[in-house]
Amino acid sequence: MHKGLAAVILAAGKGTRMKSALPKVLHPICGQPMLQYPLQAAKQAGVKQLTVVVGHQAETVKQAFADEQVSWVEQTEQLGTGHALLCAAESLAGFSGTLLLLCGDVPLLQADILKQSLQYHQHEKAVVTVLTAEMQDPTGYGRIVRNQEQVLKIVEEKDATDEQRRISEINTGTYLFDADFVLSALKNLKTNNSQGEYYLTDVVAAAVSAGKKTRGVVIPDATQMMGINDRRQLAEAEAVMRWHVNSELMLSGVSMIDPTTVYVDSTVEVGADTVLHPNVQLRGATKIGSNCTIETGVVVVDSSIADGVHLKAGSAIEESQVGPSCEIGPMAHLRPGNVFSGKNKIGNFVEAKKTLLGEGSKASHLTYLGDTEVGKNVNFGCGTITCNYDGVSKHKTIVDDDVFVGSDVQFIAPVTIGRNSLIGAGSTITKDVPADSLAIARSEQKVIEGWTLRKKSQQS
Ligand code: UD1
Ligand code: MG
């Protein structure tokens, strides 16, 4: 009878080879910190009791996962992977089922592999099952030394003989253990190896000495088992993950003209029949509806884009809500806090921030809308500027339905424009305008006939 499944994820290491001030497990892959992926995989594989061992910059790592239901254990000195698991022993007190051990730096591993391996481990009644892979280039990994099904030991690259280095079956750093066995075996680990560390991998040889069954299950898709130790591997993993994310989207009905240049975070949702052109980036908590067209060079961050929206080339959108059938860009800049109701048109070189637009309102060219509340069917002429900042505080511009704003108008906020009014081109509006009015605020034109002729005759 299966006595439950717990998991420990090792994430205390410094990640020296990353050469980074950021802890290795916080380096993002498709928008999420690396550690998020093994956490997710463990949960999807049915793990309820999850412990993460942190050490190097422990607080920073914990903070990044503050919302996760996990127990955190600190390994204050990084004395090796064996020592790291030992640090988790207390949090596992009383647990005696199967222990899944994952490394925080193996992000591509999928839950179905874990489920299959768990079945095999339990069927074989082994005390240790190592997830292994055949690597074309096994450099840097621990090598699996076998006698048929029995894994005799794992030898680290740095401790391996030339002959052992030629073994291409490697330790992926993922294991299933009999919890009672491994927690007692860890106590006897020695540091007589080239790195002077407590190697978790040594529990395999310990099990063999104790006459127990050890197994190694070869995971056919070796890329999934890739460990990230440097930034080159980080970029490789990102490329694999990106392809995975893009494949899923394409299979769900999203078109990509060139999927190798589309960068979508694993957190993003995209609806069917949306077309993503080359060099598009969709990041963070972004949701894109169906039937949208997203052209080259568009970057969308933490925004929701409704159905049938056309985002034209080179537009940048952040923390905004864009309603159905809007047309944005080319080269539009939506800064945080915009809510566009739908059928809005935002044209080239328009910047908007904290702007609410009623249905059908437009700003087609060269405009700044900041802290603005706009009703329906308002038209802003070219070069409209809301002067929302007086040097101390921000103020609102409120524009009611059906207002027509001529070109080159400044609104000196706070100011309110009543429904169905017309603002003459070139006006600087400093006072509220009531409904159904015409407001013009510009000096009257003077014409002095013959002036240039007289000027030129003076000069000659
Ligand atoms: C380890 C394995 C190696 C395997 C490889 C797979 C050992 C001795 N070696 O080597 O056989 O092929 O993973 O990727 O286990 N960690 C701690 N505390 C420590 C040391 C490490 O929490 O004191 C964590 C790291 O944060 C990392 C994981 O353990 O997430 C693996 O450590 P790392 O130093 O990357 O080991 P490798 O050299 O890759
Ligand atoms: Mg590693």
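Predicted model only: the values in this text are computed from it and were never measured. As the structure lists them, so they are numbered: ligands from 1, and atoms in each ligand from 1.
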[X] neighbourhood, listing ligand 1 atoms whose heavy-atom distance to it stays under 4.0 Å:
X: Asn229; answer: 35 (O), 39 (O)
X: Ala11; answer: 22 (O), 26 (O)
X: Ala12; answer: 17 (C), 18 (N), 22 (O), 26 (O)
X: Thr172; answer: 6 (C), 14 (O)
X: Gly142; answer: 3 (C), 4 (C), 11 (O), 12 (O)
X: Gly104; answer: 30 (O)
X: Lys24; answer: 35 (O)
X: Ala84; answer: 17 (C), 18 (N), 22 (O)

Using distance alone, determine whether [X] and ligand 1 share an N or O pair under 3.5 Å.
X: Asp105; answer: yes
X: Cys103; answer: no
X: Thr201; answer: no
X: Asn171; answer: yes
X: Thr81; answer: yes
X: Leu10; answer: yes

Quiz item: Using 30° and 60° as the class limits, which term best fits the ring planes of Phe411 and Phe380: parallel, tilted or perpendicular?
Solution: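 Geometry flag for Phe380 against Phe411: perpendicular rings.
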Exercise check, heavy-atom protein proximity under 4.0 Å to [atom]:
atom: atom 36 (O) of ligand 1; value: no
atom: atom 2 (C) of ligand 1; value: yes
atom: atom 13 (O) of ligand 1; value: no

Quiz item: If we only count heavy atoms from C-beta on, is the Leu114 to Leu102 side-chain gap below 4.5 Å?
Solution: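 The answer is yes, as the side chains (C-beta and beyond) meet within the 4.5 Å cut-off.
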Would you say [Y] and [X] are linked by a side-chain donor-acceptor pair, where the criterion is simply a distance under 3.5 Å?
X: Thr386; Y: Asn388; answer: no
X: Thr129; Y: Glu124; answer: no
X: Glu134; Y: Ser168; answer: yes
X: Glu197; Y: Gln78; answer: no
X: His83; Y: Gln75; answer: yes
X: Thr51; Y: Ser91; answer: yes
X: Tyr198; Y: Asp202; answer: no
X: Asp159; Y: Ser194; answer: yes

May I ask you to decide whether [X] forms a salt bridge with [Y], counting only side-chain N to carboxylate O separations under 4.0 Å?
X: Asp112; Y: Lys115; value: no
X: Asp105; Y: Lys24; value: yes
X: Arg166; Y: Glu163; value: no

Practice problem: Quick one: closest heavy-atom pair of Ala41 and Ala111, and the distance? | Solution: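 Heavy atoms of Ala41 and Ala111 come nearest at O-CB, 3.6 Å.
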Self-check item: Candidate list Glu295, His277, Glu327, test side-chain hydrogen bond (donor to acceptor under 3.5 Å, both in side chains), partner Lys312, passing option
Solution: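 Looking at Glu295, His277, Glu327, the match for Lys312 under the side-chain hydrogen bond (donor to acceptor under 3.5 Å, both in side chains) is Glu327.
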Quiz item: Judged by non-hydrogen atoms, does Leu79 sit under 4.0 Å from ligand 1?
Solution: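 Yes, that is the case, since the closest heavy atom of the residue is under 4.0 Å from the ligand.
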Quiz item: Is Arg17 near ligand 1, meaning one of its heavy atoms is under 4.0 Å from it?
Solution: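 Yes.
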Quiz prompt | Winner among Gly173, Gly227, Gly13 once heavy atoms are compared against atom 25 (C) of ligand 1 | solution =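 The nearest heavy atom belongs to Gly13.
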Quiz item: For atom 19 (C) of ligand 1, which candidate among Gly55, Gly80, Pro38 provides the closest heavy atom?
Solution: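 The option holding the nearest heavy atom is Gly80.
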Of the side chain and backbone of [X], name the one, both, or neither that has a heavy atom under 4.0 Å from an atom of ligand 1.
X: Val25; answer: neither
X: Gln75; answer: side chain
X: Met225; answer: neither
X: Glu197; answer: neither

Practice problem: Take Val280 and Val300 through the side chain to side chain contact (heavy atoms under 4.5 Å, CB included) test and state the conclusion after the steps. | Solution: CA-CA 8 Å; Val280 162; Val300 185; over 6 Å; no
Quiz item: When you measure from atom 11 (O) of ligand 1 to every protein heavy atom, which one gives the shortest distance, and what is it?
Solution: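 Result for atom 11 (O) of ligand 1: Glu156 OE2, 2.6 Å.
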Exercise. Tell me which N, O or S atom of Asp105 sits nearest to the Mg ion (ligand 2).
Key: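 Distance check against the Mg ion (ligand 2) picks out OD2 in Asp105.
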